[in-house]
There are 2 protein chains.
Amino acid sequence: MKNAQPEKSLSAQIADAIRTAIVDGRLLVGDRLPSEAELADQHGVSRATVREALKRLAAQSLIRTERGAFGGAFVNHLSYEGARAQQVTTSTLLLGMNAISFQVACEARYALERSCTALAAERRTEALLDAMRTEIETQSAPDLSDESFCASDVAFHRALVDCAGNEVLSYHLAGSVEAMQPLMNMTTFTARSRAEIIDLHRAIVTGLERRDVASVDSALATLEAYTITLGQSVLKARATR
Amino acid sequence: MKNAQPEKSLSAQIADAIRTAIVDGRLLVGDRLPSEAELADQHGVSRATVREALKRLAAQSLIRTERGAFGGAFVNHLSYEGARAQQVTTSTLLLGMNAISFQVACEARYALERSCTALAAERRTEALLDAMRTEIETQSAPDLSDESFCASDVAFHRALVDCAGNEVLSYHLAGSVEAMQPLMNMTTFTARSRAEIIDLHRAIVTGLERRDVASVDSALATLEAYTITLGQSVLKARATR
DNA sequence: CCAAAATAATTGTCAGACATTTAAATGCCT
DNA sequence: AGGCATTTAAATGTCTGACAATTATTTTGG
């Protein structure tokens with residue numbers, strides 16, 4: 001295995017070195033890196049170059065910097081929330097830049113979401129079911145804006161994946177589903193289609209209450225099919241306009 | 001909604017401004033940003049500060065820089081590969097830092113992977129089935145190292161998710177599954193356990209050939225259960241040592 | 001003993017310089 | 001006119017040295 005790119009910038013090389021040290025565990029969460037001046041000495045470069053390297057790492061949330069005496073750069077604790085937020089921005093950008101068809105995105109979204117149904121039916125808690133019921137209430141308000149409806153929809157599905165009681169699964173699913181939300185939001189919702197969606201949400205909650213995996217799964221499948229037809233009719237309307 | 005942190009560093013503020021411009025579509029893929037000197041003028045800061053901002057964006061693969069006349073910073077095209085690589089490093093770090101139990105990770109991994117079975121059975125191609133058969137051959141070599149066995153295992157599962165024929169789904173699943181690989185690799189494989197795993201891989205391929213969703217799904221479920229027992233026995237062996 | 005002030009360490013920012021890279025413009029020779 | 005070598009200009013990459021701002025610690029004064 002050869003070195004591939006010996007012509008990378010110094011700041012990138014230094015960032016890579018530190019990143020590797022963190023990933024390999026030579027630097028642990030909370031550890032303080034040497035000061036910028038020391039790092040500059042160690043690597044034989046100027047402080048400006050070290051700073052650019054540190055900014056790269058900060059952009060990935062791998063480190064944070066604190067000012068003042070005994071400040072410096074510290075290895076960050078990466079939280080689920082932080083990691084998810086990063087994943088969402090990356091995925092959202094990816095989908096936005098690659099002209100994904102609505103149907104493909106929709107298929108992926110529901111395929112992913114359905115991976116939690118079995119666990120969710122088994123482990124759902126009253127608290128999460130209540131959260132889902134509350135969102136259904138919200139969605140039923142007649143004068144709700146499209147944005148608010150979508151936001152509540154996201155919250156509903158978020159609660160659904162949390163029902164699986166597996167934080168790793170929640171992290172991946174919430175990130176994937178949320179990243180696709182901008183594509184999902186292409187559709188505008190009529191009162192008729194909202195009613196349809198809310199009915200399916202009710203079916204999901206009922207299925208979870210009864211621990212009936214099949215009915216939850218089929219409600220999600222119906223929701224997927226319905227969302228795709230909604231999307232297609234929106235596209236058709238735009239084409240003939 | 002208030003501004004939360006008006007005391008963010010200038011380089012972070014400038015990075016945010018440019019990032020927002022990219023995400024909002026005011027800067028398109030391939031567009032060239034103003035030169036560092038121009039950006040410094042526009043924002044009323046020094047070139048060093050602008051450079052730190054640009055390095056932050058480069059770390060997220062949002063831009064790339066080219067040297068020379070008519071070089072500069074260009075908005076990047078985010079590829080599936082690039083996005084997946086970023087997702088894997090973030091997720092790997094997250095899991096490594098949060099002391100995830102083997103069982104929880106395993107459960108999440110297989111739950112996610114099973115989300116592609118229905119589509120995979122429907123759409124599998126001969127090319128991908130062949131790729132999976134080839135990996136099974138590789139895994140059957142008696143003098144294979146544990147690392148090579150794991151690598152082939154990843155390739156096998158990668159081909160499986162690709163069978164679903166949905167690039168968005170492949171992206172999310174491949175990233176999620178790959179991120180959990182380090183945790184999966186805790187286990188060491190005896191000849192006996194390898195044979196067991198290979199048998200299940202064969203069952204998966206056979207199921208896909210016959211477009212038999214249920215048998216693929218049950219093979220994955222068995223594989224999950226077997227992997228968990230393997231992990232537990234490894235833990236037990238370590239505890240009593 | 002406590003509070004205020006000085007101190008020191010460290011990051012954040014700036015200004016200017018030089019090195020390096022690269023595409024385009026120029027000039028020269030055939 | 002056309003092709004090849006050279007020069008030029010625009011840009012990023014790096015270095016140096018300085019100062020500002022922040023903050024934990026130490027010192028000082030009452």
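Naming: A, B, ... by sequence-line order, numbering from 1 per chain.
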Options [options], nucleotide nearest the side-chain atoms of [X]:
X     : options                : result
B:E36 : D:dG13, C:dT13, C:dT11 : D:dG13
A:R47 : D:dT14, D:dA18, C:dC14 : D:dA18
A:V45 : D:dC15, D:dA11, C:dC14 : D:dC15
A:F70 : D:dT25, C:dG12, C:dT21 : D:dT25

> Closest nucleotide of DNA chain C for A:A69 versus for A:R51: which of these residues is on the 5' side?
Replying inline: A:A69
> In terms of the nearest nucleotide of DNA chain C, which residue is placed more toward the 5' end: A:G71 or A:A48?
Replying inline: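 That would be A:G71.
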So, OP1 or OP2 of [N]: does either fall under 4.0 Å of a side-chain N or O from [X]?
X     : N      : answer
B:T65 : D:dG13 : yes
B:R67 : D:dA10 : no
A:S35 : C:dA9  : no
B:K8  : C:dG12 : no

> Do B:E52 and B:K55 sit within salt-bridge range, that is, some charged N less than 4.0 Å from a carboxylate O?
Replying inline: no
> Taking for each residue the nucleotide of DNA chain D with the nearest heavy atom, is it B:G68 or A:L10 whose nucleotide lies nearer the 5' end?
Replying inline: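 Closest to the 5' end, via its nearest nucleotide, is B:G68.
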>> Considering every strand and a 4.0 Å limit on heavy-atom distances, what is the contact class for A:R64: base, sugar-phosphate, or nothing?
In response: nothing
> Quick one: are B:R109 and B:H157 in side-chain contact, heavy atoms under 4.5 Å?
Replying inline: yes
>> From CD of B:E38 over to C1' of D:dT12, roughly how many Å is that when rounded to an integer?
In response: 13 Å
> B:R32 CZ to D:dT12 P: how many Å, rounded?
Replying inline: 6 Å
> Looking only at heavy atoms, which two atoms of A:H172 and B:S176 are closest? And how far apart?
Replying inline: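 Closest pair (atom of A:H172, atom of B:S176, distance): ND1-OG, 3.1 Å.
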> Atom CG of A:L78 and atom OG of A:S61: how far apart are they, to the nearest 0.5 Å?
Replying inline: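 These two atoms lie 6.5 Å from each other.
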> Should the heavy atoms of other residues, nucleotides or ligands under 6.0 Å from CD of A:Q42 be counted, would the total exceed 12?
Replying inline: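 Correct, the count exceeds 12.
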